[in-house]
Amino acid sequence: MATAATYDLAQLTSQFALLGDFVSGQPYGSGHINDTFAIEVNQGGRPLRYVLQRINHNIFKNPDGLMQNVARVCRHAQAKLQSEQRSDASRRALTLVPTRQGKDWLVDSQGNRWRCYVFVEGATGHDVVRHADQAFQAARAFGAFQALMADLPGERLVETIPNFHHTPSRYAQFQKILAQDPKDRAASVQPEIAFALARAHEVSVITEAMARGEIPERVTHNDTKLNNVLLDNTTQEGLCVIDLDTVMPGSALYDFGDLVRTSTSPAAEDEKDLSKVTMQLPMFEALIQGYLSTAGNFLTPRERSLLPFAGKLITFEIGLRFLTDWLEGDVYFKIKRPEHNLDRLRTQFKLVASIESQLPAMEALVR
Ligand code: ADP
Ligand code: GN1
Ligand code: MG
C-alpha cells in the first residue's frame with residue numbers, strides 16, 4: 001500500500017493549478033485500486049482540501065484513454081448542473097483541477113498518471129449500509145447518473161477494462177487459474193470452488209440477453225459499490241457519484257446488481273463472522289424504490305424483471321474475482337492482511353446463498 005512517503009506529494013500538488021500552499025497529504029479512503037491522498041492546502045489563511053489520485057496503471061492499461069473518459073463525464077455533469085443553475089454544483093459532481101499546463105491530468109517522471117479533484121466536503125462514502133434511507137439514496141443517485149449519461153455527447157467511451165462485467169470471461173479466467181493453481185491455494189478453498197462450479201450455468205444470462213438484443217447497452221458506471229457515492233453527512237442525500245474509472249458501455253443491470261451486493265447486508269465486504277452476512281429484504285426494497293425513482297423512466301420491462309437476479313449474479317461475479325485473486329496470489333485487489341481476499345470471497349458467496357434463498361420474495365417486490 002502506498003504511504004504518503006512513497007511520493008513527493010508537495011511537488012506533485014505544486015503541478016496542479018490549485019490556489020493555496022501545500023500543508024500535508026495523507027492516504028485517504030478505502031478503495032481497492034488507486035492510490036488516493038487527501039491534500040490540505042492553506043488558502044489565504046484557511047485550510048482547504050483536494051483529492052490527489054494516482055491511477056493504477058497495472059490495472060488500467062490505457063490510463064490516458066481513461067482520463068479522457070473521466071474528463072468528458074465530469075464536464076457533462078457540470079454542464080448539466082450549471083444549466084439547472086444549481087448553487088452547489090461542485091459538491092454534486094466531481095470537478096477536475098487542471099495542471100499548470102492546462103491539462104486534465106499529470107504524467108510524472110516515472111510515468112504515473114495523477115489527477116486532482118475538488119474535495120467534496122461534508123459527505124461520506126460508506127463502506128457498510130446502516131439505514132434503508134442510505135440504500136434508497138445511493139440507488140437514486142446511481143439511477144440519476146445513468147440518466148445523465150444517456151445524452152453524453154461525442155464518440156463511444158473508451159473501454160477502460162475490456163469485458164469488465166462479462167461474467168463468462170470472469171468465469172473462464174477463474175477456471176484457468178484454478179487449473180494452474182500457481183500458489184497451491186486451491187486446497188484451502190475446496191467448498192468455495194465447489195460453490196462456484198455449481199453455478200456455471202448462470203454466468204451468461206445477462207451477457208447472452210445483451211448479445212440477443214433483449215437488453216440494451218447503455219453508458220453505465222460499472223463500479224456502483226456503496227462507497228462510490230458520497231452521501232451528505234447532514235441530510236444523507238445521495239450527493240456525488242465518484243470513482244469514474246469504469247464509466248463505459250455496459251448494462252444497467254450490473255450497476256443495480258452491485259448496489260445489491262454492497263447495500264443490503266449489514267456486514268462489511270471483509271467480515272470474518274459469516275453469520276452476520278445476509279441480504280436484508282427492507283434494504284432491497286429501498287434500493288428498488290430509490291433506483292426506480294430515477295431510472296424507472298428508461299428501464300425496459302426485461303431489465304426490470306432481471307434486477308433481483310442481477311444482484312445475485314454480480315455478487316457471484318465479484319466473489320469469483322476475489323477467489324481468482326486469492327488463487328493467483330493477491331495480484332489485483334489491494335490487501336491489508338494475508339487472508340483478505342479469502343475473507344472477501346467468503347462474504348460474497350455467503351451473500352449469494354442468502355440472495356438465492358430470497359429470490360422469489362425479491363422478484364415479488366419488483367412486480
Ligand atoms: P478507488 O478506485 O481506489 O476505489 P476512489 O476514486 O473510489 O478510488 O477514491 C477512494 C476514496 O476516496 C473514495 O471511496 C472516497 O472516500 C474518497 N474520495 C474520492 N474522491 C473524492 C472527492 N472528490 N471528495 C471526497 N472524497 C473523495
Ligand atoms: C474495486 O475501486 P473500488 O475499490 O471502488 C473494483 C470493483 C470491485 C470492488 C470490490 C476497477 O472497486 O470492480 O467490485 O473493488 N474496481 C476495479 O470491492 O476493478
Ligand atoms: Mg472506489
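We count residues from 1, following the sequence as given. Atoms within a ligand are numbered from 1 in the order they appear, just like the ligands themselves. Source: prediction; values computed, not measured. In what follows, every heavy atom counts, from backbone to side chain, and hydrogens, waters and symmetry copies are set aside.
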Do any N/O atoms on [X] end up under 3.5 angstrom from N/O atoms on ligand 2?
X	value
R321	yes
Y332	yes
D258	no

Would you mind running through ligand 1 and noting each atom that sits below 4.0 Å from a heavy atom of [X]?
X	value
F119	24 (N), 25 (C)
N227	14 (O)
N228	7 (O)

Checklist entry - Measuring from the heavy atoms of Q53, does anything fall under 4.0 Å of ligand 1? => result yes
Item to check | Neighbouring protein N, O or S atoms of the Mg ion (ligand 3), below 2.8 Å | outcome: 2
Checklist entry - Are F119 and Y50 an aromatic pair by the rule of ring centers under 6.0 Å? => result no
Next on the checklist: Run the salt bridge (charged side-chain N to carboxylate O under 4.0 Å, His left out) test against R130 and tell me which residues pass, sequence neighbours left out.
Outcome noted: none
Checklist entry - For ligand 2, is there an atom lying under 4.0 Å from some heavy atom of K334? => result no
Checklist entry - Any N or O on S30 sitting closer than 3.5 Å to an N or O of ligand 1? => result no
